[in-house]
Amino acid sequence: RARRHAPSPAHAASDHRAEPWKIFFDSIPEMSVVVDDGYHFTHANREFLQTFLLEEKDLRRRRCFEILHERTKPCEHCPHVQARATPGRPASQVYFNPKRRRWFETIASRMVDDTGRKLGSIEIIRDVSDRKRAEETIKRSEERHRELVDTSLAGIVSVNPQMNVM
């Protein structure tokens, strides 16, 4: 008995009765993509397409590292490559996209079918720009406070809430 394969995103978009997988994929608030072993996107949800100003027909023309990283070859710490090498264990990477001027975190997991055939990876991509800005603000604050302590001519003492010297 022949197995039925899910239709392509282009087919689902042209069908007014969207397939359940497409509805599910588009309902995920983070960017979600499926990447094949040739580094091409085979599926992308609405959030990804909107963020990267793409149409589904554009997905197979460029490879993931060209779109996500503005590179001509895979990154040294590519989560897609790492997920392929360690099935069952997700891989992640945080990176800056210069074109979007945003920080992203990608978490990739290897996809295999019931027979063990490798299908590429599924990736969840989050915009972590606010988190990176907060981390940088904390780092600068810590550096300023350390400089104050290191250069102060007065004695500085740390105390706990009970006013005991720490």
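As the structure is a prediction and not an experimental result, all values here were calculated from the model.
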TODO: Report, as yes or no, whether the 6.0 Å neighbourhood of atom CD on E136 holds more than 12 heavy atoms from other residues, nucleotides or ligands.
DONE: yes
TODO: Step through the shown structure and confirm whether more than 12 heavy atoms of other residues, nucleotides or ligands are within 6.0 Å of CZ on R89.
DONE: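 Not more than 12 within 6.0 Å, no.
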Only distances under 3.5 Å count here; give the side-chain donor-acceptor pairs of residues 23-34 to other protein atoms, sequence neighbours excluded, each with its distance to 0.1 Å.
unit_1: D26; atom_1: OD1; unit_2: R46; atom_2: N; d: 2.7
unit_1: D26; atom_1: OD2; unit_2: K22; atom_2: NZ; d: 3.4
unit_1: D26; atom_1: OD2; unit_2: R46; atom_2: NH2; d: 3.4
unit_1: S27; atom_1: OG; unit_2: I23; atom_2: O; d: 2.7
unit_1: S32; atom_1: OG; unit_2: E30; atom_2: O; d: 3.4

Side chain to side chain donor-acceptor pair (under 3.5 Å) partners of [X], counting only residues at least two apart:
| X | value |
| --- | --- |
| R110 | D37 |
| Y95 | T106 |
| D127 | R102, S129 |
| R133 | D130 |

Open item on the list: Tell me every residue that passes salt bridge (Lys or Arg N to Asp or Glu O under 4.0 Å) with K57, counting only those two or more places apart in sequence or in another chain.
Closed with: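 Partners of K57 by the salt bridge (Lys or Arg N to Asp or Glu O under 4.0 Å) criterion, ordered by chain and then number, come out as E55.
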Task: I107: hydrophobic cluster co-members (side-chain, 4.5 Å) - done: none
Task: ILVMFWY clustering at 4.5 Å (side-chain atoms), partners of W103 - done: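 Besides W103, the hydrophobic cluster comprises V94, F96, V128, listed by chain and residue number.
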Name every donor-acceptor pair, under 3.5 Å, that has one atom in a side chain of residues 141-150 and the other anywhere in the protein, sequence neighbours excluded.
unit_1: S141; atom_1: OG; unit_2: H145; atom_2: ND1; d: 3.4
unit_1: H145; atom_1: ND1; unit_2: S141; atom_2: O; d: 2.7

- [ ] Just grab all the ring-ring contact (aromatic ring centres under 6.0 Å, His included) pairs involving residues 115-143, residues at least two apart or on different chains.
- [x] none
Open item on the list: With heavy-atom distances below 4.5 Å as the criterion, would you say the side chains of K118 and R84 are in contact?
Closed with: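 Sidechains of R84 and K118: no contact.
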Task: Side-chain touch R100/L53, heavy atoms, less than 4.5 angstrom - done: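 SC-SC contact between R100 and L53 confirmed.
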Task: Residues which pass ring pair (Phe, Tyr, Trp, His ring centres under 6.0 Å) with F48, listed by chain and number, not counting sequence neighbours - done: F41, F52
- [ ] Kindly state each residue pair satisfying side chain to side chain donor-acceptor pair (under 3.5 Å) with at least one member in residues 63-73, sequence neighbours excluded.
- [x]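 Qualifying pairs: R63-E66.
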Open item on the list: Between E135 and R131 (salt bridge meaning N to carboxylate O under 4.0 Å), is one present in this structure?
Closed with: yes
